[in-house]
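These notes are about the structure you will find just below.
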Amino acid sequence: MNVLQQTEDNLKQEISTAVVQAALAETADIPEIVLEKPKDKAHGDFATNIAMQLARIAKKPPRKIAEDIMENLDQTKASIKKIEIAGPGFINFFMKQDFLGEVIPTILEAKDAYGQTNAGGGEKVQVEFVSVNPTGDLHLGHARGAAFGDVLCNLFAASGYQVEREYYINDAGNQIDKLGLSVEARYFQALGKDVDMPEDGYRGKDVVEIGKALAAEYGDKWEQAESTDRLNFFKEHGLQRALARIEMDLNDFRVHFDHWFSERSLYKNGKITEALSTLEAANYTFKQDGATWFRSTDFGDDKDRVLIKQDGSYTYLTPDIAYHKDKLDRGFDKIINVWGSDHHGYVPRMRAAIQALGYEKEKFDVKIIQMVNLFENGEKIKMSKRTGKAVALRELMDEVGIDAVRYFFVARSNDSQLDFDMDLARSESNENPVYYVQYAHARICTMLKQAETKGFTIDGDFDVSLLTAEKEVNLLKKLGEFPQVVADAAQKSAPHKVPQYVFDLATLLHSFYNAEKVLDADHQERTSARIALMEAVRITIANALKLIHVNAPEKM
RNA sequence: GUCUCAGUAGCUCAGUAGGAUAGAGCAACAGCCUUCUAAGCUGUGGGUCGCAGGUUCGAAUCCUGCCUGGGACACCA
């Protein structure tokens, strides 16, 4: 399924053999052979720096080593046309014309599956993301994490990992009490009563709407109820409705979870006390000032952390430790958390807890998502005009569209802050990368439809060797890279490589389109080959967009 | 004060398990539609990779220090 990879592996193997044959180094001493794809065509199809890397081991000048390797290389076996030594000792490989010959057939056969590999080897990965407290609607900061986590999971799934998506619901603790009180106040207000909001209540319009909905549904039924019952009612219903809203927003944002994990369940099934006793048994806890502490400094944390407060209640950390223990006990090879940058400082104590519980710290990984700043008319808008709080995901989706939001959020590296330009995201022009890529896809669809109406054969035989124009070769090379790009993005947890790739591919397509005519009655065979090429590009663009959950329209 | 992310073209950003002349989009300038979608293409200009040292054949990339900006430093979640 991964044609170029095959070619590269063969080449690496031959290089390795040549190194040994030239007596430059023992097999065990050879550094990993890296093949790069030079930007400059004069440097060939592939290049390696192995001669420079071997300079110290072989105790010879790099260019001499390169010559030795060249002499011992079986060129016929690795389908090489020409080799050159350049610069300080680079070896440049010019491949025979046909090394790209399998690219199109591979893609046409794989279709939706093109891009998938088994790079992950079935490793079990769990990604926990979003996990927003159910005390209000998702805003744009959460949305970036949602898009990131979602695409990361898609990448894992495509690259041969077993992946599970999980949302941790903070449905215990005092923020739920606050939610209950806030909903209660909004309920009374919806009934026309003059009731003040609690001091530090949740003042978002989401809670107002929940209060209204409950008033409409239950009337004044809860007005006279006993206060404990009443508060419990508002806690439960507030929680359920807030969660439902979050789930719906995520659903519309094309993000779905395999598992919604309740914090409360940890209280009910004793997992918290279990985690605490594990820590205690391992001697990582102590009592001081009436509180129970976790000695996280043993694992490099800045200071020790309270687990049980003076008043006997848990800190936020305690159930969270139990939660992570539970995740690891479920047998994942790796658990990845996607957190906002405001939780960055939380990482060392969690990592300390993982180790204190007896797990390898390598199994635990946190991806930090930097802040999003919104810009409109060239000005920064941090707060929503309507709610006075951070702009809601819902508003953003309504204003600029889901495709644009997702693409923009994923297109930047997670550890760079993101300036989100509303005007750009909204614009239907070539300035907008989303439209640029989608347009490439739609263009191909139009061509293929035209081909049909004009009577060209679409699924017939084609001869790939006719695709020798520069822009055709560029496309073929780019197409062949796709599975590696996906696997690399998964391995490095770098979803932004996908928009980058598909943008480049779209550029090559547009460039080709303007330079060459696909449907040409005077060159039937070349037309057949080009139709196949177009279909291969179309499939690849569609697959790349699918990985980031952006639509690939057939016409625009 | 400590930790952390960032600092690359006028703007927004790629590139960072060291590699050849540091890339892209936008903006600027100059061209291309009787021809499969001009939501497109072609070309030009634009850089002390924050600063200073160090490591080596080679540093935007690794190490140290400093400067600037964001974020975090609770018996909150």
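Numbers restart at 1 for each chain; the letters A, B, ... are given by sequence-line order, proteins then strands.
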The nucleotide from A20(B), C41(B), C73(B) with an atom nearest the side chain of Lys303(A) is C73(B)
Watson-Crick or G-U wobble partner for C36(B), using a 3.5 Å limit on both distances?
none
Name the nucleic acid region contacted by Ser413(A), choosing base, sugar-phosphate or nothing; use a 4.0 angstrom heavy-atom cut-off, strictly under.
sugar-phosphate
For the residue pair Leu239(A) and Pro134(A), what are the closest heavy atoms and their distance?
CD1-CG, 3.4 Å
Per Gln417(A) side chain, nearest of listed nucleotides G69(B), A77(B), G19(B):
G69(B)
Students often get this wrong, so: under 4.0 angstrom with heavy atoms, is Ala440(A) touching a base, only sugar-phosphate, or nothing?
nothing
Pairwise 5' ranking along RNA chain B for His510(A) and Leu418(A), keeping only the more 5' one
Leu418(A)
Sticking with atom C1', work out how far U2(B) lies from U44(B), rounded to a whole angstrom.
50 Å
Check: Leu317(A) main-chain N/O paired with Arg305(A) side-chain donor or acceptor under 3.5 Å:
no
Pair partner, A9(B) [Watson-Crick or wobble, under 3.5 Å]:
none
Of the nucleotides U42(B), A20(B), A14(B), which has the atom closest to the Arg412(A) side chain?
A14(B)
Using atom NE2 of His343(A) as one end and atom P of G71(B) as the other, report the distance to the nearest whole Å.
15 Å
What about Asn92(A): does its side chain form a donor-acceptor pair under 3.5 Å with the base of A20(B)?
yes
If I pick the C1' atom on C26(B) and the same atom on C66(B), what distance separates them, to the nearest angstrom?
34 Å
Between G15(B), C36(B), G19(B), which one does the side chain of Asn49(A) approach most closely?
G19(B)
Indicate, with a heavy-atom threshold strictly under 4.0 Å, whether Gln175(A) touches base, sugar-phosphate, or nothing.
sugar-phosphate
Quote, to the nearest angstrom, the P distance that separates C62(B) from A6(B).
10 Å
For Asn174(A) and C75(B), give me the distance from atom CG to atom C1', rounded to whole Å.
12 Å
Based on the glycosidic angle (syn within 90° of 0, else anti), state the conformation of C33(B).
syn
If you measure from the C1' atom in C51(B) to the same atom in U8(B), how many Å do you get, rounded?
14 Å
Thr318(A) (side chain) donor-acceptor with Tyr314(A) (main chain) under 3.5 angstrom:
no
Please give the nucleotide sitting opposite G31(B) as a Watson-Crick or G-U wobble pair, both distances under 3.5 Å, or none.
C41(B)
Nucleotide paired to G19(B) in any strand shown, Watson-Crick or G-U, under 3.5 Å
C57(B)
Could you check whether Tyr436(A) and the base of A39(B) form a stacked pair, meaning centres closer than 5.5 Å and planes differing by less than 30°?
no
From the set C5(B), G19(B), C75(B), return the single nucleotide nearest to any side-chain atom of Lys309(A).
C75(B)
Taking only residues two or more places apart in sequence or in another chain, which ones pass side-chain contact (heavy atoms from CB on, under 4.5 Å) with Tyr513(A)?
Arg443(A), Met447(A)
Measuring from the side chain of Tyr513(A) (C-beta onward, heavy atoms only), which nucleotide among C41(B), C75(B), C36(B) has the closest atom?
C36(B)
Is a salt bridge present between Lys478(A) and Glu481(A), judged by a nitrogen-to-oxygen distance below 4.0 Å?
yes
Report the distance from atom CG of Asp304(A) to atom P of C75(B), rounded to the nearest whole Å.
11 Å
Which part of the nucleic acid, if any, lies within contact of Ala55(A), taking any heavy atom under 4.0 Å across all strands shown: a base, the sugar-phosphate backbone alone, or nothing?
nothing
Glu8(A) vs Gln484(A), test: side-chain hydrogen bond (donor to acceptor under 3.5 Å, both in side chains). Steps then yes/no.
CA-CA 11 Å; Glu8(A) 287 184 32; Gln484(A) 286 159 277; 3.2 Å; yes
By the side chain to side chain donor-acceptor pair (under 3.5 Å) test, which pairs, at least two apart or in different chains, include something from residues 344-353 of chain A?
Asp320(A)-Tyr346(A)
Rounded to the nearest angstrom, tell me the gap between atom CG in Asp415(A) and atom P in U61(B).
17 Å
In whole angstrom, give the distance that lies between atom CD1 of Ile308(A) and atom P of C76(B).
13 Å
Could you let me know what U2(B) is paired to, Watson-Crick or G-U wobble, both distances under 3.5 Å, or none if it's on its own?
A72(B)
Answer with base, sugar-phosphate or nothing: what part of the nucleic acid does Ser511(A) contact at a heavy-atom distance below 4.0 Å?
sugar-phosphate
Please answer whether the main-chain N or O of Phe261(A) pairs with a side-chain N or O of Glu166(A) as donor and acceptor at a distance below 3.5 Å.
no
Counting C-beta onward and ignoring hydrogens, is there a side-chain heavy-atom pair between Ile91(A) and Met70(A) closer than 4.5 Å?
no
Mind checking if Asp419(A) touches a base, just sugar-phosphate, or nothing, with heavy atoms under 4.0 Å?
sugar-phosphate
With sugar-phosphate meaning primed atoms plus P, OP1 and OP2, does Ala47(A) contact a base, only sugar-phosphate, or nothing at under 4.0 Å between heavy atoms?
base
Just call it for Glu84(A): base, sugar-phosphate, or nothing, with non-hydrogen atoms closer than 4.0 Å on any strand.
nothing
Quick one: classify the glycosidic conformation of A17(B) as syn or anti, with syn meaning within 90° of 0.
syn
Nearest whole angstrom, please: distance from the P of C57(B) to the CD1 of Ile65(A).
13 Å
Does Ser427(A) make a side-chain N or O approach to OP1 or OP2 of A39(B) shorter than 4.0 Å?
no
Lys309(A) backbone acceptor or donor facing Ser313(A) side chain under 3.5 Å
no
Would a distance-only check, ignoring hydrogens and angles, find a side-chain to backbone donor-acceptor pair under 3.5 Å from Asp304(A) to Trp293(A)?
no
Give me the distance, rounded to whole Å, that separates A20(B) from C33(B) when you measure between the C1' atoms they each carry.
40 Å
Under the criterion of centre distance below 5.5 Å and interplanar angle below 30°, is His43(A) classified as stacked on the base of A20(B)?
yes
Taking atom C1' in both A52(B) and U48(B), what distance in whole Å separates the two?
13 Å
Which residue lies toward the 5' end of RNA chain B, Lys517(A) or Ala172(A), if each is placed at its nearest nucleotide?
Lys517(A)
Any base atoms under 4.0 Å from Met556(A), or only sugar-phosphate, or nothing? Heavy atoms, all strands.
base
Counting N and O atoms only, with roles assigned by atom type, does the side chain of Asp171(A) sit under 3.5 Å from a partner on the main chain of Glu263(A), one being a donor and the other an acceptor?
yes
Whole-Å distance separating the OH atom of Tyr314(A) from the P atom of A77(B):
13 Å
B/S/- contact track for nucleotides 22-28 of chain B, protein heavy atom under 4.0 Å:
--SSSS-
Ignoring the backbone of Met52(A), work out which of G19(B), C36(B), G15(B) is nearest its side chain.
G19(B)
Distance check, C1' atoms only: G23(B) and G15(B), in whole angstrom units.
7 Å
Taking only the C1' atom of each, what is the distance from G47(B) to A17(B) in whole angstrom?
27 Å
Quick one: Gln370(A) CD to C3(B) C1', roughly how many Å, whole number?
13 Å
Between Arg443(A) and A38(B), does any side-chain N or O lie under 4.0 Å from OP1 or OP2?
yes
